[in-house]
Amino acid sequence: MNRRNFIGLISAGSGALAYTPLLSRNSVSSKYTRQHLSASELSADVVIAGGGLGGFAAAMAALRNGLKVILTEETDWLGGQLSQQGVPPDEHQWIETHGATQMYRDFRNAIRNYYKQHYPLTAEARQREFLNPGDGAVSRLCHEPRVAIAVLENMLAPYLSTGQLTLLLEHRAVAADVSGDKLRSLKMQHLPTANEKVLTAPYFVDATELGDLLPLSGTEYVTGAESKSETHELHASEKADPKNQQAYTVCFAMDYVPGENHLMDKPKDYGFWKNHVPKLTPPWSGELLSLSYSNPSTLEPKRLGFHPEGIPTADMLNLWNYRRIISKNNFKAGMYPGDITIVNWPQNDYMLGNLVDVDKKEFDKHVEGGKQLSLSLFYWLQTEAPRPDGGQGWPGLRLRKDIMGTEDGLAKYPYVRESRRIKAEFTVLEEHVGAANRAMITGKKEGNTAAEFEDSVGIGYYHIDLHPSSGGDNYIDFASLPFQIPLGALLPRRMQNLLPANKNIGTTHITNGCYRLHPVEWSIGESVGLLVAYALDKKVNPKAVREKKSMLSDFQQMIGKKGIETHWPKV
C-alpha cells in the first residue's frame, strides 16, 4: 500500500482489523471539510470520542444526515455499558412503545431478530413478539454483549464501506489543541502500538465514559456531590464534595454446570474482601460478601436469594435471575448446559476510590481493586455462599470469559455510573424531575409531572438511583417523574464546538441518577449528532439554536421527523 496516497489499516483488537476507507489524499473528504491529509492526520465533519451508546447514536445520527464522521473507542468493542461493561439495558416500563427514540427501538428489535435468525430458539420463544433471551428481571431485553456488538456493527457497515465513517478502536485521546473557545484537534493514541493520529473537525463530541475530553480541552466541569446550599435539592448533601462519586462495578458473566468442579484459585485480595464491611452512613447491613444489603429505598437490611438453577428462593429476589442474559429454556434442548447471568450486584460495587481526576497509578489501583472485589465475590459464591440444603458454595459455577471477551473473565471496562459533568447553559435539578421535590415546588401531592422544557430535545425515565458512594453515602434512591432532555443541558457555557453525549451533560450528582441509563444516553447522543448536522447546515453555533425561538422550533421539528420524541404523551 502506498503510504503517500492512502490512509492505512487500524487494528481493532482481538486479532481483527477494522478498515478505514482507502481515501485518496487528492479527494474531497466531505461537503464541509476541504483539507488534504497526511498519513497521521484525519479530518471529518465531526469527531466523536467514545463508542458507547451515546457516541454510537451521535455517529449514526450524523451519518444519516450526510456528515463524515470519525468515531473512536478506547476498547475493542462498541456499545459501552451494554457490551464492554456487560450491563443489560436498564429501561422503563413503556420502552416497547414510547419513551425512547425510534432508532433505539429499531436497535432493540434488531437484537431480537438476530436471535430469531441465528439461534435455535424453541418454537414458543421464536413466536414471542417481545422475546427476552435471558428472561432477566432487570430488563425486557436481557441479551449477550456480542449480539449487541453484531447489531451495532451491522448498522455501521454501509458507512464504513462508502468511506463516510472512520472507526478507530483501541484509541484514547491524549492531548487537545484549543484556540480560545474552540477545540481544533485531538491527538489520539492507538493503545496497542502507541502510534498517534491527529483528528480535526468543526465539531467534537465527548461520549467517553468519564468525560475525558473536558480536562484535555479546558472545558469547565464539575464532579461529585454539590451542596444543598448550591442546588437547593431535597436530597443534596449538606456539604459539597467533588470526590464523592457513586460506586462503579467490574461486571462478569457466569454459568452453572451441575456436577462439575470449576473452582478457581483464591484471589489474592480475598482475605480483605471476605471481611470487608463498607463504612457508610446510614450503615451497611454487614459484610459486603453476603446475601444481605441495604434496601435502597429504606436503607434497612434486606435479604437476597441465590440459586444458580433459577429456583425461586422464598419471597426473596434470586440474584441469579436478576441480570440473566441466557435462559436455557428459551433454546432447544441441549443448546446450553445452564443459564448465563451477569453479575452487577450490590456485592461488587466498588466504593473505595474514584476513577475521575486521579493520576494513572491511582486509576490503575482502583480498577484493580474493582477486579479483585468481583473475583472475590465469584470465589465466595463457589466456596462459601449458603445453599438451601444447608451446605456452602457452588463449585459448578464457571466464569464465562468468552462472554466478556477477556482473559480474566471480567468486563473490558468498569461500569461507570458517574463522570465529569459540563458546566452547562442549563443544569437539571431535582426540583425539575424528582417526585417529592417537584411536589414541594408545585404544591401538588398527586398528578405531578416533570418540568416542561421549552428546549426539549428528547425524553426519558428512570427512578433516581444513586449507588453507595466513595464519600460514604449509602443508597440515595427515590421516585422521579418521566422527564425531558433540555438542549441547554447539552451546551457547555463557554466552549463553542465541543458537545457531551454520555453521563457528562448538565445534571447534578442527584439528577445524574436518572439521566445515566441506556436509552437516555442513546437519546442524548442522537440529539447531539443531529444538532451538529443542523448547525453545519445552517452555519450557526449550537447555542444560537437554543437562543432563537424560530430556529429552536425548526430544529425540534427536524428531530421529530427523525423519530425523536420531545414530549411525553398525555395519558
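- With Glu220 as the partner, the side-chain hydrogen bond (donor to acceptor under 3.5 Å, both in side chains) test is satisfied by one option alone out of Arg493, Arg494, Lys423: Arg494.
- For Glu226 (side chain) and Thr231 (main-chain N/O), no donor-acceptor pair under 3.5 Å exists by modelled atom type.
- The side-chain contact (heavy atoms from CB on, under 4.5 Å) check on Thr97 picks up nothing, with sequence neighbours excluded.
- For the salt bridge (Lys or Arg N to Asp or Glu O under 4.0 Å) test, residues two or more places apart in sequence or in another chain that qualify with Arg323 are Asp90.
- Counted by atom type alone, Glu209 and Gln81 present zero donor-acceptor pairs between their side chains at under 3.5 Å.
- Every residue was checked against the ring pair (Phe, Tyr, Trp, His ring centres under 6.0 Å) condition with Phe204, not counting sequence neighbours, and none meets it.
- Taking the centre and axis of the six-membered ring of Tyr221, the NZ or CZ atom of Arg420 falls inside the cone set by 45° and 6.0 Å.
- Listed by chain and number, the residues in a side-chain contact (heavy atoms from CB on, under 4.5 Å) with His232 amount to none (sequence neighbours excluded).
- Looking at every heavy atom in both residues, Ala148 comes nearest to Ile111 through CA-CD1, 3.6 Å.
- A side-chain donor-acceptor contact under 3.5 Å links Asn541 to the backbone of Lys543.
- Smallest separation of non-hydrogen atoms from Leu481 and Thr449: CD1-C, 3.6 Å.
- Between Thr200 and Val47, every side-chain heavy-atom pair lies at or beyond the 4.5 Å cut-off.
- Separation of atoms CG (Leu168) and CG (Leu199) is listed at 6.0 Å; rounding is to 0.5 Å.
- Rounding to the nearest 0.5 Å gives a distance of 5.0 Å between CG of Leu191 and CZ of Arg172.
- With sequence neighbours left out, the salt bridge (Lys or Arg N to Asp or Glu O under 4.0 Å) criterion links Arg417 to Asp349.
- Side-chain polar atoms of Glu418 and His509 form a donor-acceptor pair below 3.5 angstrom.
- With a 6.0 Å radius and a threshold of 12 heavy atoms from other residues, nucleotides or ligands, Glu454 has its CD atom at or below the threshold.
- Tyr115 is linked by a ring pair (Phe, Tyr, Trp, His ring centres under 6.0 Å) to Tyr119, counting only residues two or more places apart in sequence or in another chain.
- A search for ring pair (Phe, Tyr, Trp, His ring centres under 6.0 Å) contacts involving Tyr462 returns nothing, not counting sequence neighbours.
- Counting only distance, with no hydrogens or angles, the side chain of Asp465 and the backbone of Gly513 share no donor-acceptor pair below 3.5 Å.
- A distance of 7.0 Å separates CG in Asn512 from CG in Leu466, rounded to the nearest 0.5 Å.
- Taking the six-membered ring where tryptophan is involved, the planes of Phe453 and Phe426 are perpendicular, since the angle between them exceeds 60° and thus also 30°.
- Of the options Glu521, Glu91, Glu526, a side chain to side chain contact (heavy atoms under 4.5 Å, CB included) to Tyr104 is made by Glu91 and by none of the others.
- Here the side chain of Thr511 pairs a donor or acceptor atom with the backbone of Thr508 at under 3.5 angstrom.
- Checked against side chain to side chain donor-acceptor pair (under 3.5 Å), Asn113 has no partners two or more places apart in sequence or in another chain.
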Exercise for the section: Decide salt bridge (charged side-chain N to carboxylate O under 4.0 Å, His left out) for Asp177 and Arg184; before the verdict, give the C-alpha distance in whole Å, the side-chain angles of both, and the deciding distance to 0.1 Å. Expected result: CA-CA 5 Å; Asp177 179 16; Arg184 299 199 305 181; 2.9 Å; yes

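- Listed by first then second residue, pairs satisfying salt bridge (charged side-chain N to carboxylate O under 4.0 Å, His left out) with a partner in residues 152-162 number zero, not counting sequence neighbours.
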Practice task
List the steps, then state whether salt bridge (charged side-chain N to carboxylate O under 4.0 Å, His left out) holds for Glu96 with Arg108.
Solution key: CA-CA 9 Å; Glu96 303 293 358; Arg108 296 175 81 260; 2.9 Å; yes

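- The aromatic rings of Phe478 and His235 lie parallel to each other, with less than 30° between the two planes, well short of the 60° mark.
- For residues 539-561, the pairs satisfying ring pair (Phe, Tyr, Trp, His ring centres under 6.0 Å) are Tyr534-Phe555, with sequence neighbours left out.
- At distances below 3.5 Å, not a single donor-acceptor pair connects side-chain atoms of Asn497 with backbone N or O atoms of Tyr203.
- There is no side-chain donor-acceptor pair under 3.5 Å between Thr223 and Gln245.
- The two residues Val520 and Cys514 come nearest to each other via the heavy atoms CG2-O, 4.2 Å.
- Remark: His463 engages no residue in a ring pair (Phe, Tyr, Trp, His ring centres under 6.0 Å) (not counting sequence neighbours).
- Screening residues 51-71 for ring pair (Phe, Tyr, Trp, His ring centres under 6.0 Å), with sequence neighbours left out, gives Phe56-Trp522.
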